[in-house]
Protein chains: 2
Amino acid sequence: MPKPRYQRRKQDRPQEITQAAFAAFAEKGYTATRVEEVAQRAGVSKGLMYLYFKTKEELFKAVVKSVVIRRIDQLIDTIESTELSSEDFIRGPLLSFMKQLPGSPVAIVIRLLISEGPRHPDLVDYYYDNVVAKGIGAITKFVEQGVERGEFRQSAITELPQLFLAPVMLSIIWGLIFKDRPLDTDKLIETQIDMLLAHIKA
Amino acid sequence: MPKPRYQRRKQDRPQEITQAAFAAFAEKGYTATRVEEVAQRAGVSKGLMYLYFKTKEELFKAVVKSVVIRRIDQLIDTIESTELSSEDFIRGPLLSFMKQLPGSPVAIVIRLLISEGPRHPDLVDYYYDNVVAKGIGAITKFVEQGVERGEFRQSAITELPQLFLAPVMLSIIWGLIFKDRPLDTDKLIETQIDMLLAHIKA
DNA sequence: GTAATTACTGACTCACGGGTCAGTAATTAT
DNA sequence: ATAATTACTGACCCGTGAGTCAGTAATTAC
């Protein structure tokens with residue numbers, strides 16, 4: 001028969017389904033997304049969904065974990081191996097990293113965690129440990145490095161690495177709520193970096 | 001009969017119901033909250049809910065609108081009538097205002113708008129016009145006032161009033177997702193103000 | 001007091017969507 | 001080819017919760 005109605009693709013299904021689910025959740029949020037709809041997007045039947053994920057909630061967890069950015073590990077590696085001065089590193093690689101966050105999947109994950117996080121403390125822990133703590137830790141370590149090198153002075157910022165992330169967070173939330181209203185997120189982030197550097201430079 | 005089973009209180013019901021609904025939404029979010037539960041909290045039957053609000057969605061809108069902080073108008077009035085220098089005003093009334101936001105109902109509304117906003121563009125507009133635009137406008141106006149007075153110099157910050165709100169936003173989101181993990185939001189906000197002032201003082 | 005009014009109740013309906021499973025057809029083994 | 005295996009389908013089940021409404025009792029009018 002020339003037209004098999006479907007192919008067996010056990011290997012690829014999970015990925016394809018989580019990808020489809022991520023797209024759907026991004027558009028409608030977790031609750032408003034129907035399992036049937038994810039199935040359609042992934043090109044499978046509703047029944048198959050439940051062969052790969054026991055429940056909708058389990059699918060949800062798989063989706064969130066699937067977008068844990070490994071880029072953060074990249075960034076940490078870069079910090080450790082860079083030969084740039086602290087300031088140049090901040091104005092270069094770190095700034096680029098920060099600028100792309102508002103448009104990245106991280107924004108969606110933030111939305112999902114705000115909506116559904118309270119019902120999934122384990123997921124929140126997971127994200128905190130693997131993304132937030134790492135990111136905060138990297139920034140802290142980096143600032144301390146700058147102090148050791150004599151480029152930066154001691155200041156409150158060593159204990160408040162969140163100040164680097166504040167404009168990123170605002171940009172993300174702004175984008176989530178006020179999608180269409182303009183905001184120059186790049187300039188916002190740049191200006192914050194300017195201020196921070198002015199504040200800690202030795 | 002000494003024990004009437006209920007009292008008729010047409011006047012107070014709407015308020016009582018929206019208050020109960022706000023509390024419930026704050027705890028569980030919109031979708032996970034059952035109309036029946038709000039009814040119980042408000043001490044009325046489920047049926048009565050529908051005499052005051054045609055649908056659950058309409059109740060939702062009423063709730064969000066009910067917490068549109070009039071405090072923002074207060075703040076604007078204060079700006080216009082203050083005799084403090086620009087810096088003193090920022091370090092005083094404005095700082096206090098900012099510090100109390102993360103623990104205020106605004107945080108809840110942010111959560112609700114992130115979760116449900118995409119399905120209620122009119123509500124988003126309403127909130128933007130009556131809270132965000134006003135707040136942003138007030139800060140902008142105030143900074144410009146400082147420039148006119150010669151206290152501040154021209155800078156990118158005039159066009160980026162969101163820099164004032166960035167640490168507030170981060171504090172709010174942090175509180176929503178990582179409820180229990182400590183963050184010194186007051187210090188975060190204070191330090192941002194310090195930096196901003198250092199950056200724009202003439 | 002009694003009647004008229006209406007705020008309020010709670011048992012009901014019904015659509016919706018998560019989850020199931022007997023059957024089917026693609027694949028693999030023989 | 002044929003049988004054995006199993007990835008996959010889609011019609012079905014059933015709990016849940018939004019929304020209804022006929023009836024009830026508190027209030028008001030007389």
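Only this structure's heavy atoms are used, side chains among them; waters, hydrogens and symmetry mates stay out. Letters go in sequence order (proteins before strands), and every chain restarts at 1. All figures in this text were calculated on a predicted structure; none of them were measured in a lab.
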Measure from CD on E36(A) to C1' on dT20(C) and round the result to the nearest Å. 14 Å

Results of side-chain contact (heavy atoms from CB on, under 4.5 Å) for E58(B) - residues two or more places apart only: F53(B), K54(B), T55(B)

Considering only dG19(C), dC8(C), dA7(D), which nucleotide approaches the side chain of Y50(A) most closely? dG19(C)

Taking the six-membered ring of Y30(A), is NZ or CZ of K56(A) closer than 6.0 Å to its centre and within 45° of its axis? yes

Contact class for Y52(A) vs. all strands (heavy atom < 4.0 Å): base, sugar-phosphate, or nothing? sugar-phosphate

How would nucleotides 9-17 of chain C be written as a contact map, 5' to 3', with B for base contact, S for sugar-phosphate-only contact and - for no contact, using protein heavy atoms under 4.0 Å? BB------S

Does dC30(D) have a Watson-Crick or wobble mate here (both distances under 3.5 Å), and if so which one? dG1(C)

Partner set under salt bridge (charged side-chain N to carboxylate O under 4.0 Å, His left out) for R91(B), not counting sequence neighbours: E87(B), D194(B)

Who pairs with R13(B) by salt bridge (charged side-chain N to carboxylate O under 4.0 Å, His left out), at least two apart in sequence or on another chain? E16(B)

K141(B) side chain reached by I76(B) side chain, heavy atoms, under 4.5 Å: no

Name the pairs: protein N/O against N/O of nucleotides 3-5 of chain C, kept only if under 3.5 Å.
none

Side chain to side chain contact (heavy atoms under 4.5 Å, CB included) partner of V106(A), chosen from L101(A), V131(A), I72(A), V68(A): L101(A)

Measure from CG on L59(B) to P on dG17(D) and round the result to the nearest Å. 16 Å

Hey, does the side chain of R9(A) reach the backbone of Y6(A) with a donor-acceptor pair shorter than 3.5 angstrom? no

For residues 178-198 of chain B, which residue pairs qualify under ring-ring contact (aromatic ring centres under 6.0 Å, His included), counting only residues two or more places apart or in two chains? Y128(A)-F178(B), W174(B)-F178(B)

Rounded distance in Å - CD (Q7(A)) to C1' (dT28(C)): 16 Å

Rounded off to whole Å, could you give me the CD-to-C1' distance for the E37(B) and dA18(D) pair? 15 Å

More than 12 heavy atoms of other residues, nucleotides or ligands under 6.0 Å from CD of Q15(A): is that the case? no

Expressed as a whole number of angstroms, how long is the span from F53(B):CZ to dC8(C):P? 12 Å

Without decimals, in angstroms, what is the distance between E57(A) CD and dG19(C) C1'? 13 Å

